[in-house]
2 protein chains.
Amino acid sequence: MSPSAAPVRAGILVTGTEVLTGIIADRNGPWLSQRLVEEGVDAAMIQIVGDRPEDLMGALRFMADAGMALIVTSGGLGPTADDLTAEIVGEFTGREMVLDAELEEKIAEILRPLMSRWPNLDPGAIREANRKQAVVPVGATVLDPVGTAPGLVVAPASGSGPTVVVMPGPPRELHEMWEKAVATEAFRSAIAGAVSYRHGVMRLFGIPESEIANTLRDAESSGVQLDPLEITTCLRRGEIEVATRYEAPDEAAYSAFVDFVARRHGEQLFSPDGATVDEQVASLLTQSGRTVAVAESCTGGLMSARLTELAGSSAYFLGGAVVYSNEAKAALAGVDPELIERFGAVSTEVADALAAGAAARFGADVGIGITGIAGPGGGSEDKPVGTVCFSVCSDDGARLTRRARLPGSRSDIRERSTTVTMHLLRRLLLGEGITTVPTQAAGSGDRA
Amino acid sequence: MSPSAAPVRAGILVTGTEVLTGIIADRNGPWLSQRLVEEGVDAAMIQIVGDRPEDLMGALRFMADAGMALIVTSGGLGPTADDLTAEIVGEFTGREMVLDAELEEKIAEILRPLMSRWPNLDPGAIREANRKQAVVPVGATVLDPVGTAPGLVVAPASGSGPTVVVMPGPPRELHEMWEKAVATEAFRSAIAGAVSYRHGVMRLFGIPESEIANTLRDAESSGVQLDPLEITTCLRRGEIEVATRYEAPDEAAYSAFVDFVARRHGEQLFSPDGATVDEQVASLLTQSGRTVAVAESCTGGLMSARLTELAGSSAYFLGGAVVYSNEAKAALAGVDPELIERFGAVSTEVADALAAGAAARFGADVGIGITGIAGPGGGSEDKPVGTVCFSVCSDDGARLTRRARLPGSRSDIRERSTTVTMHLLRRLLLGEGITTVPTQAAGSGDRA
């Protein structure tokens with residue numbers, strides 16, 4: 001840790017029994033954490049509580065006691081009686097609740113087109129349900145609703161204690177409103193003096209996490225200064241992410257650390273700058289003007305979905321075939337049924353044929369083939385659940401083929417398969433791959 | 001709230017800077033919350049903190065002060081120096097840390113095959129990195145590692161205060177180890193006296209959340225007893241979920257509530273028993289022996305991926321085509337290029353042709369067609385971003401076609417589109433749909 005001034009710390013309080021009980025996963029906590037860091041604020045804790053007033057208040061008090069200068073809440077602003085956040089925050093900051101007439105009118109205006117969409121509803125009842133959303137702590141900075149709920153920035157009435165930023169729960173509303181919140185006077189003064197951190201991320205594929213622990217030790221004994229760096233490592237979808245936070249003057253220490261990792265894990269460090277493999281593949285395809293097509297079985301459409309996740313993918317993604325049945329493998333990806341008969345649907349031979357078939361069928365420069373057993377049924381001794389065969393091929397005759405046994409659940413296996421494929425595709429686009437005679441069933445016999 | 005004995009409350013403490021800083025989303029908190037509820041324990045709070053010792057300790061103490069009988073931690077058991085959980089929990093429960101020689105040997109055994117997979121690593125260094133994982137609080141119940149990290153159940157040395165269950169961070173390891181943890185004597189005695197709750201979930205599609213607030217009010221004024229029910233409502237992927245928790249003797253009150261909602265929202269209440277639309281569609285397809293195929297554009301493979309998410313889907317899912325380009329729409333789904341020329345690629349006419357083409361191409365009983373603009377680019381005044389056309393058709397000539405304007409980001413629009421499609425498919429499988437002459441371009445002219 002750097003010996004500089006103590007950072008401004010913030011707590012994030014996510015409310016809602018539906019998040020707490022696991023019905024839905026919270027996406028707001030991590031998102032807010034990233035945004036706070038951008039503002040130079042140290043997001044020190046995320047707490048999720050249900051819709052119980054005493055738990056909300058307890059969490060706010062705990063965060064205040066732990067020295068948070070700022071608390072950001074999300075959720076609990078809806079029209080139903082279990083939505084309590086504004087009221088509790090009013091009590092916490094020592095401010096009375098008052099009806100904001102101007103805000104009430106704004107909400108009514110927002111509801112008008114909604115009511116015309118749902119003509120059978122009772123307008124009076126809806127307006128009453130939403131009037132509750134116009135009752136706010138006196139003196140709070142009110143942020144115009146994005147949905148129907150307003151946001152709030154509430155400084156403590158006494159002048160001491162954390163400022164509370166009250167945000168709606170739906171991620172889309174939260175994201176849009178956040179920009180308004182950070183621009184307010186009340187927000188800026190709450191975080192005055194925040195230290196600006198830098199963040200670096202490295203991504204590695206193909207080594208176990210324990211090896212990174214050794215690398216950190218060896219870096220220190222080789223004289224690389226790790227003290228000013230806050231380094232965390234984690235496994236994510238089969239990749240290792242090394243995230244580092246540091247202050248601007250420690251840039252040189254971070255560069256030395258990246259260099260050390262690059263020297264030691266040159267093969268595995270596919271991203272020294274934090275770019276994801278998805279972003280790298282997108283940019284390799286865009287830059288080269290090459291197009292790609294998919295024929296996938298066990299991943300059931302996830303590979304195509306992943307390739308089309310980023311905006312602009314229509315420039316290089318031509319199409320995909322989800323070929324679950326053997327008939328579909330033949331009809332849509334031109335796989336010779338004899339090949340399936342001879343090697344089985346899950347085989348490197350069929351993966352190669354799927355890749356070549358995808359490229360041919362969609363007229364793409366690069367083809368991807370995936371076939372495997374996602375489970376829970378369908379495994380055998382020879383090909384247990386998790387066995388997946390991958391092939392990527394390009395029109396210049398290069399090809400990379402893999403057979404892997406992936407761990408985890410059906411969903412894990414499907415997701416990991418797309419990661420393995422992204423890395424094969426990346427390497428192919430970077431010029432790796434055995435050059436073969438590019439006929440559709442090429443090499444099908446010589447690997448058995 | 002029911003007036004019975006106070007429930008046993010538990011806190012969940014998720015550690016790891018990578019979760020706190022939003023690099024990865026926490027899946028363990030919600031999962032543990034659901035498991036605790038199954039044990040009759042009230043998961044009252046989830047807290048996420050970084051790898052700072054003082055924040056970990058602060059969170060444990062806060063949960064103890066808030067009256068938690070049990071605290072479940074996840075993460076911070078890895079081999080790197082930033083993994084501190086076991087040590088902090090030892091201090092919190094007042095127990096010294098000792099090396100467990102038997103456990104050390106178990107971890108060494110687990111690492112042996114791993115080291116043969118990665119032959120270039122230094123075995124001594126790896127063993128040292130992992131020895132740290134064998135140092136545990138004296139007197140703790142040790143749970144055998146699933147990965148390389150052991151779990152722990154640690155009762156307070158003083159006999160008063162919460163029992164801490166220490167679990168690994170990787171979800172797969174956590175899930176497997178949880179079963180062992182709940183079976184321990186230490187766990188059982190910590191939750192002695194837990195009240196067993198029942199949970200009911202209703203799902204609705206096609207009404208705004210504010211309408212549910214009115215329904216709750218009207219239910220009460222019609223004499224339905226809502227007092228013993230803890231009801232929460234939330235919006236999720238375009239559906240409304242009404243989750244209710246109650247104690248066994250209040251079953252009749254819950255039934256009356258479900259009946260009231262069913263009378264009032266018969267059309268929209270597609271699931272009075274909590275089954276998801278995915279499960280309903282899977283069971284309708286399985287029971288009827290019908291098969292399904294997809295031709296999708298803007299959803300990029302997500303529709304096929306969603307239909308193949310559940311195990312056993314290969315019985316009814318024949319395949320899918322991701323037809324991004326107009327050429328692919330023609331080549332893989334047999335869409336007449338003239339239709340695209342005349343109505344545009346995003347049109348109900350092309351959606352109908354995609355559905356019919358998917359069914360024909362894969363030989364399926366039911367076809368699905370989706371075409372739309374997921375954005376951020378590609379919108380026009382007539383067809384703004386979020387415009388999506390859907391069609392489902394069956395071989396008996398029934399068909400449902402929709403055009404919708406969906407809100408949100410590229411990712412929201414893609415995901416919501418799959419939800420709208422699942423509901424159309426459900427209704428078609430239940431026998432709805434206009435019967436048309438089942439030729440491929442049927443009706444293409446009469447809706448313009």
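As a basis for the values below, the full set of heavy atoms in this structure was taken, side chains included, without hydrogen atoms, waters or symmetry mates. Chain letters run A, B, ... following the sequence lines, proteins first, then strands; residues in each count from 1.
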Regarding Asp65(B) and Arg61(A), does a basic nitrogen lie under 4.0 Å from an acidic carboxylate oxygen?
no
Cut-off 4.5 Å, heavy atoms of chain B, and the answer for Glu309(A) is both
What part of Arg414(A) gets closer than 4.5 Å to chain B, counting heavy atoms only: side chain, backbone, both or neither?
side chain
Side chain, backbone, both or neither of [X] within contact of chain A (heavy atoms, under 4.5 Å):
{"X": "Asp42(B)", "result": "side chain"}
{"X": "Leu13(B)", "result": "neither"}
{"X": "Ala44(B)", "result": "both"}
{"X": "Ser411(B)", "result": "neither"}
{"X": "Asp412(B)", "result": "side chain"}
{"X": "Leu56(B)", "result": "neither"}
{"X": "Phe362(B)", "result": "side chain"}

Quick one: of [options], who has the most non-hydrogen atom pairs under 4.5 Å with chain B?
{"options": "Val37(A), Asp55(A), Val49(A)", "value": "Asp55(A)"}
{"options": "Ala374(A), Gly377(A), Ala311(A)", "value": "Ala311(A)"}
{"options": "Val14(A), Leu318(A), Leu302(A), Val294(A)", "value": "Leu318(A)"}
{"options": "Ala305(A), Ser325(A), Ala213(A)", "value": "Ala305(A)"}

Atom pair OH/CG of Tyr324(A) and Leu307(B) - distance to nearest 0.5 Å
10.0 Å
Gap between atom CD of Glu211(A) and atom NE2 of His265(A) - 0.5 Å precision
5.0 Å
Using a cut-off of under 4.5 Å for heavy-atom pairs, which of [options] has the most such pairs with chain A?
{"options": "Gly319(B), Gly301(B), Gly320(B)", "answer": "Gly320(B)"}
{"options": "Gly75(B), Gly78(B), Ser313(B), Ser297(B)", "answer": "Ser313(B)"}
{"options": "Gly50(B), Ala328(B), Gly408(B)", "answer": "Gly408(B)"}

Keeping the roles fixed (side chain from [X], backbone from [Y]), state whether a donor-acceptor pair exists under 3.5 Å.
{"X": "Ser33(A)", "Y": "Ala43(A)", "answer": "no"}
{"X": "Lys329(B)", "Y": "Ala295(B)", "answer": "no"}
{"X": "Asn28(A)", "Y": "Gly169(A)", "answer": "yes"}
{"X": "Arg410(B)", "Y": "Gly375(B)", "answer": "yes"}
{"X": "Glu296(A)", "Y": "Ser304(A)", "answer": "yes"}

Is any side-chain heavy atom of Phe62(A) closer than 4.5 Å to one of Gln47(A)?
yes
Does NZ or CZ of Arg27(A) come closer than 6.0 Å to the centre of the six-membered ring of Trp31(A), within 45° of the ring's axis?
no
